[in-house]
Amino acid sequence: QVQLVESGGGLVQAGGSLRLSCAASGLPFSSSKMGWFRQAPGKEREFVAAINWSGGTTNYKGSVKGRFTISRDNAKNTVNLQLNSLKPEDTAVYYCAAASGGWYDSSYDYWGQGTQVTVSS
């Protein structure tokens, strides 16, 4: 069965950095679009970043562009999200997701359990 397992969350001061990782199994990872989403308390889940199957194309939520970087290692079936210059408003549970559809298909098929990121001011 498909498993997406996130790690790397934690508590960090504003301006700090974290690196989130997602280990994938049970799916054709090297042909899957991968994404990161987040959900803050009382808010809806929102898109953060996505990367295509080869890593050659990425997309970011406007407010994280230039601060966050998504990357993938198809040999290790992992996707990472480097979070720099963190702000208190980045506090959320971050989710890894996998999609079998094309780049312009907004739906994701599989989700991880999430990892908490807390940014203190």
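Keep in mind that what you see is a predicted model, and the values were worked out from it rather than measured. These values consider heavy atoms only, across backbone and side chains, with no hydrogens, waters or symmetry-generated copies.
Linking ILVMFWY residues whenever their side-chain heavy atoms come closer than 4.5 Å, directly or via other members, leaves L86 and V93 in distinct clusters.
Put simply, CD on Q39 and CD on Q116 are 11.0 Å apart, with the number rounded to the nearest 0.5 Å. From K61, atom NZ reaches atom CZ of F68 across 10.0 Å, with rounding to the nearest 0.5 Å. Atom-to-atom distance recorded for C22:SG and N77:CG is 10.0 Å, nearest 0.5 angstrom.
Taking each heavy atom of A24 and L4 in turn, the nearest pair found is CB-CD2, 3.5 Å. Between A14 and P88, the closest heavy-atom pair is CB-CD, 4.1 Å. Contact between V79 and W36 at its shortest, heavy atoms only, is O-CZ2, 3.7 Å. A pairwise comparison of heavy atoms in F47 and N59 identifies CZ-O, 3.6 Å as the closest pair. I51 and T58 get closest at one heavy-atom pair: CG1-CG2, 3.8 Å. Between S85 and D90 the shortest heavy-atom distance is O-OD2, 4.4 Å.
No donor-acceptor pair closer than 3.5 Å links the side chain of N84 to the backbone N or O of S17. No side-chain donor-acceptor contact under 3.5 Å links S32 to the backbone of M34. Judged by distance alone, the side chain of E46 and the main-chain N or O of R38 form no donor-acceptor pair under 3.5 Å.
If you look at F37 and Y108, their ring centroids are closer than 6.0 Å.
Judged by a 6.0 Å distance limit and a 45° cone about the ring axis, R45 is positioned over the six-membered ring of W111. A cation-pi arrangement is found for R72 relative to F29, the charged atom lying closer than 6.0 Å to the ring centre and inside a 45° cone about the ring normal. With W103 as the aromatic partner, K33 meets the cation-pi criteria of under 6.0 angstrom to the ring centre and within 45 degrees of the ring axis.
Contacts classified as salt bridge (Lys or Arg N to Asp or Glu O under 4.0 Å) and involving residues 74-88 (residues at least two apart or in different chains) are not found.
Considering D73, T78, T115, N80 in turn, N80 is the only one that fulfils the side-chain hydrogen bond (donor to acceptor under 3.5 Å, both in side chains) rule with S21.
Listed by chain and number, the residues in a side chain to side chain contact (heavy atoms under 4.5 Å, CB included) with D105 are S107 (sequence neighbours excluded).
You'll find the side chain of I70 stays beyond 4.5 Å of the side chain of Q82, heavy atoms only. Considering only heavy atoms from C-beta on, Y95 comes within 4.5 Å of E6 through its side chain. Side-chain contact between L20 and L83: present, with at least one pair of heavy atoms (C-beta onward) separated by less than 4.5 Å. Using a 4.5 Å heavy-atom threshold, the side chains of V48 and Y60 count as separate.
Counted by atom type alone, E89 and T91 present zero donor-acceptor pairs between their side chains at under 3.5 Å.
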